Amino acid sequence: MSTRIAFLKGHGTENDFVIVPDPENTVDLSPAAVAALCDRRAGIGGDGLLHVVRSAAHPEARAMAAEAEWFMDYRNGDGSIAEMCGNGVRVFARYLERAGHVSAGDVAVATRGGVKTVHIAKEGDITVGMGRALLPAGDVTVSVGGRSWPARNVNMGNPHAVAFVDDLAHAGDLLTPPPYSPAAAYPDGVNVEFVVDRGPRHVALRVHERGAGETRSCGTGACAVAVAAARRDGADPARTGTPVTYTVDVPGGTLVITERPDGEIEMTGPAVIVAEGVIETEWLENALG
């Protein structure tokens, strides 16, 4: 390991990330190291970490190297591994553009949830092809305090439970994972979204992200919410042949989600790089004790 590790800091609708460029996959990022870097008081701070690696250099991504040069090795803020992060993909693409690895236009990014197509506008927002939603059968319930709600089980490459509530305050502090049942529905944990209506095809959410707690935004969660809202509202593009678009307000901003008749879901929103610097490995070694 070198004596200093380059990093950047970025966010998408205030879902923030530590970015570690490491094209040849030479930086050892243990779960403890990731958690230390994402610590908001003693580290850099972030909801998660974007490890930027060439697909050919990472054992989990080599099979995707022919389709996508770059792999988003995403980690949650607690150091655990996640399949996908929608806001993270946009910030990842913004970094690739800033670093000169890609230009505006369409870019393929490998993730544990498969290869994602990203469109970088010459000015403004970034659109990510998020793939298709899966809607597993079976009833799910989520609870906070003395309240319980039925939830829609939506999988966007990672699991979500979407509950429609009367007031977002009913979600509580979201510091700990909201209980859910049955446990078998989510053997590896779940992201839980609490949703209220703001207007026609316009909703707002709060989210507890698995491994991170409440975050200011969740891209896959916004997609899951849009799909759940569409089905609740009787809209299914596969049946009607007409795309459905929902505006989804998150605490950190707004995302626009479109589900196409072929089932593909597109998410459009901002991505910002706010800082760059170096990590002192002596600090990291001391932080790991």
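Nothing here was measured: the structure is a model prediction, and the numbers come from that model. Reckoned from all heavy atoms, side chains included, excluding hydrogens, waters and symmetry mates.
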* Between His202 and Asp249: side-chain donor-acceptor atoms closer than 3.5 Å -> yes

* Asked: Hey, is the main chain of Gly269 close enough, under 3.5 Å, to the side chain of Arg90 for a donor-acceptor pair?
  -> yes

* Beyond-backbone contact of Val225 with Tyr246, side-chain heavy atoms, under 4.5 angstrom -> no

* To do: Start with the C-alpha distance between Val162 and Arg232, add both sets of side-chain angles, then the distance that settles side-chain contact (heavy atoms from CB on, under 4.5 Å), and finish with yes or no.
  => CA-CA 11 Å; Val162 180; Arg232 180 202 61 174; over 6 Å; no

* Within one Ile-Leu-Val-Met-Phe-Trp-Tyr cluster: Leu8 and Tyr74, side-chain cutoff 4.5 Å -> yes

* Asked: If we only count heavy atoms from C-beta on, is the Arg201 to Thr245 side-chain gap below 4.5 Å?
  -> no

* To do: With sequence neighbours excluded, tell me which residues meet salt bridge (Lys or Arg N to Asp or Glu O under 4.0 Å) with Glu24.
  => Arg54

* Is Phe92 reachable from Val18 through a run of hydrophobic residues whose side-chain heavy atoms are each under 4.5 Å from the next? -> no

* Side chains of Arg147 and Val165: closer than 4.5 Å at any heavy-atom pair? -> no

* Nearest heavy-atom neighbours spanning Ser148 and Ser143 -> OG-OG, 2.8 Å

* **CG-CZ distance between Asn76 and Arg210, expressed to the nearest 0.5 angstrom** => 7.0 Å

* Asked: Roughly how far apart are Asn87 CG and Glu14 CD, rounded to 0.5 Å?
  -> 10.5 Å

* Any Leu135 side-chain heavy atom under 4.5 Å of Arg152 side chain -> yes

* To do: For residues Ser55 and Ala110, report the shortest heavy-atom separation together with the two atoms involved.
  => OG-CB, 3.6 Å

* Asked: Any sub-3.5 Å donor-acceptor pair from Thr215's side-chain atoms to Ser217's backbone N or O?
  -> yes

* Asked: Are Trp283 and Ile44 grouped together when hydrophobic residues (ILVMFWY) are joined by side-chain heavy atoms under 4.5 angstrom apart?
  -> yes

* Are Phe71 and Tyr95 linked, directly or through other ILVMFWY residues, by side chains that come within less than 4.5 angstrom of each other? -> no

* To do: Kindly determine whether Glu280 and Arg4 satisfy salt bridge (Lys or Arg N to Asp or Glu O under 4.0 Å), including the steps that lead there.
  => CA-CA 5 Å; Glu280 299 290 347; Arg4 304 170 101 193; 3.3 Å; yes

* Hey, is the main chain of Gly45 close enough, under 3.5 Å, to the side chain of Lys9 for a donor-acceptor pair? -> yes

* Structure fact -> Sorted by chain and residue number, the side-chain hydrogen bond (donor to acceptor under 3.5 Å, both in side chains) partners of Thr247 (sequence neighbours excluded) come out as none

* Asked: Where the side chain of Arg62 meets the backbone of Ala56, is there a donor-acceptor pair that is under 3.5 Å apart?
  -> yes

* Asked: To the nearest 0.5 Å, how far apart are CZ in Arg112 and SG in Cys85?
  -> 12.0 Å

* Is there side-chain contact between Phe7 and Leu37, with at least one heavy-atom pair below 4.5 Å? -> no

* Hey, any chance Leu205 and Val154 share a hydrophobic cluster, counting ILVMFWY side chains that come within less than 4.5 Å of each other, even indirectly? -> yes

* Examine the side chains of Asp22 and Thr26 and answer whether a donor and an acceptor come within less than 3.5 Å of each other. => yes

* Is a side-chain N or O of Arg206 found less than 3.5 angstrom from the main chain of Pro251, in a donor-acceptor match? -> no

* **Expected output: side-chain Asp233 to main-chain Ala235 donor-acceptor under 3.5 Å** => no

* **Worked verdict on Arg40 versus Asp47 for salt bridge (Lys or Arg N to Asp or Glu O under 4.0 Å)** => CA-CA 9 Å; Arg40 295 193 179 280; Asp47 293 322; 2.9 Å; yes

* Taking the inter-plane angle between the rings of His170 and Trp149 on a 0 to 90° scale, is it parallel (under 30°), tilted (30 to 60°) or perpendicular (over 60°)? -> parallel

* Would you check if the side chain of Asp197 reaches a backbone N or O of Gly199 as a donor-acceptor pair within less than 3.5 Å? => no

* Residue pair Arg132, Glu264: steps toward the salt bridge (Lys or Arg N to Asp or Glu O under 4.0 Å) verdict -> CA-CA 5 Å; Arg132 294 172 171 82; Glu264 287 291 323; 2.9 Å; yes

* To do: Look only at the side chain of Arg260 and the backbone of Pro243, and say whether a donor-acceptor pair between them is shorter than 3.5 Å.
  => no

* Just how far is it from atom OH of Tyr180 to atom NE2 of His208, taken to the nearest 0.5 Å? -> 10.0 Å

